[in-house]
Amino acid sequence: MSKELWKPGNMLYPLPVVMVSVTDKNGRNNIITLAWVGTVCSDPPMVSVSVRPERYSYNIIKESGEFVINLTTRELAFATDYCGVKSGRDVDKFKEMHLTPIPAEKVNAPLIEESPVNIECRVKQVMPLGSHDMFIAEVEAVHADTRYMDADNKFSLEKAEPIVYSHGIYMTCGDKVGSFGFSVRKKQPDVFS
């Protein structure tokens, strides 16, 4: 095996790619596509999103202290890309992409109705890190589309065909290769069950 040494960089791929919806102080909605997102704590449930200060939504998040993370799917891939390359300074992304803003329960930012999962968030801390500032936020509410509930009332996100981001490419998630804890179970199940 041979390995090539590269300069330091972000090689933690693939990443979830999400559309983050926000509302400014004048009630104007916007969407920003982000891949620098993640879970940071389970109790209380907290997430992080990292945004460049020059992005239009940056000041909206900083001033409002809230946002909604909307998971993306194969069906939403075009809108996901558009909302990442077009600026809300110039276009109404909800209108242009035919996305439906619906009221959230706990924050003023809207949910994107077409998204299978919407996560309402309230900012607890902002960490300037360099090219991006990280917004650490507590999860206030989660909305799941009932179309993706199975017969056992379990949420099956894979049915929505979620997409991820890797080196400038959007792709769907791959095949199931196991489930949490399968490596230590007494009876080794079929890894694809």
Side-chain angles (χ1 to χ4, degrees), residues 10 12 14-73 76 79-89 91-97 99-149 154-155 157 160 162-165:
N10 294 320
L12 190 60
L15 298 164
V17 59
V18 301
M19 292 189 287
V20 172
S21 48
V22 297
T23 300
D24 69 15
K25 60 187 172 190
N26 299 317
R28 185 168 180 246
N29 296 329
N30 190 47
I31 304 167
I32 181 173
T33 297
L34 300 174
W36 303 141
V37 301
T39 298
V40 295
C41 189
S42 57
D43 188 16
M46 298 183 81
V47 294
S48 68
V49 298
S50 294
V51 184
R52 290 181 178 270
E54 61 268 18
R55 297 292 301 266
Y56 177 69
S57 291
Y58 174 89
N59 284 327
I60 298 173
I61 295 171
K62 197 155 187 182
E63 289 174 8
S64 70
E66 56 189 34
F67 55 89
V68 176
I69 295 173
N70 302 276
L71 299 191
T72 56
T73 64
L76 291 170
T80 300
D81 185 65
Y82 182 91
C83 291
V85 297
K86 289 291 191 173
S87 175
R89 289 181 185 95
V91 296
D92 178 339
K93 297 178 194 179
F94 275 99
K95 180 180 176 186
E96 293 299 316
M97 291 294 100
L99 296 172
T100 311
I102 58 175
E105 293 291 322
K106 306 284 185 181
V107 301
N108 288 324
L111 313 178
I112 297 174
E113 184 174 39
E114 292 78 7
S115 171
V117 176
N118 319 92
I119 306 166
E120 298 184 44
C121 304
R122 194 168 316 282
V123 176
K124 295 297 179 186
Q125 185 177 355
V126 182
M127 296 177 62
L129 299 173
S131 62
H132 292 67
D133 284 1
M134 179 186 290
F135 293 89
I136 299 173
E138 190 165 344
V139 174
E140 299 287 332
V142 176
H143 305 262
D145 191 327
T146 56
R147 288 182 296 168
Y148 304 110
M149 301 302 280
K154 178 183 171 194
F155 188 73
L157 182 60
I163 59 174
V164 294
Y165 179 82

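Sparse packing is recorded around CE of M127, with 12 or fewer heavy atoms of other residues, nucleotides or ligands lying under 6.0 Å away.
A donor-acceptor pair under 3.5 Å is formed between the side chain of E114 and the backbone N or O of T100. A donor-acceptor distance shorter than 3.5 angstrom exists from the side chain of E120 to the backbone of V107, with no hydrogens or angles considered. Although no hydrogens or angles enter the test, the distance criterion places a donor-acceptor pair under 3.5 Å between the side chain of D24 and the main chain of N26.
Interatomic distance, Y58 OH to I32 CD1, rounded to the nearest 0.5 Å: 11.5 Å. Put simply, CG on D81 and CE on M19 are 11.0 Å apart, with the number rounded to the nearest 0.5 Å. Note that CZ of R122 is 8.0 Å distant from CG of N108, once rounded to the nearest 0.5 Å. Rounding to the nearest 0.5 Å places CG of L34 at 11.0 Å from CG of L15. Atom CD of E96 is separated from atom NZ of K86 by 8.5 Å, given to the nearest 0.5 angstrom. Summarising the geometry, atom CD1 belonging to I119 is positioned 10.0 Å from atom NE2 belonging to H143; distances are rounded to the nearest 0.5 Å.
Taking every heavy atom of both residues into account, A35 and Y165 meet most closely at CB-CD2, 3.9 Å. When all heavy atoms are compared, the tightest approach of L76 to T72 is CD1-CA, 4.3 Å. Listed here is the closest heavy atom pair of G88 and K93: N-CE, 3.5 Å. Scanning both residues, V123 and F67, for their nearest heavy atoms gives CG2-CE2, 3.8 Å. Nearest heavy atom pair, residue G84 against residue R55, reads O-NH2, 3.4 Å. The heavy-atom pair separating Y56 from I60 by the smallest distance is CE2-CD1, 3.7 Å.
Counting heavy atoms from C-beta outward, T33 and V17 have side chains that approach closer than 4.5 Å. The shortest side-chain heavy-atom distance between R52 and S131 falls under the 4.5 Å cut-off. When side chains are defined from C-beta on, V139 does not count as touching I69, because their heavy atoms never get closer than 4.5 Å. In this structure, S57 and V51 have side chains that are not in contact, with every pair of non-hydrogen atoms separated by 4.5 Å or more. A heavy-atom distance below 4.5 Å is not found between the side chains of L71 and P16. The closest side-chain heavy-atom distance from F135 to K62 is below 4.5 Å.
The only option from C83, P101, P110 that meets the side chain to side chain contact (heavy atoms under 4.5 Å, CB included) definition with I31 turns out to be C83.
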Worked check of side chain to side chain contact (heavy atoms under 4.5 Å, CB included) between V117 and V142: CA-CA 7 Å; V117 176; V142 176; 4.1 Å; yes
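If you check the side chains of S21 and N70, you find a donor sitting under 3.5 Å from an acceptor.
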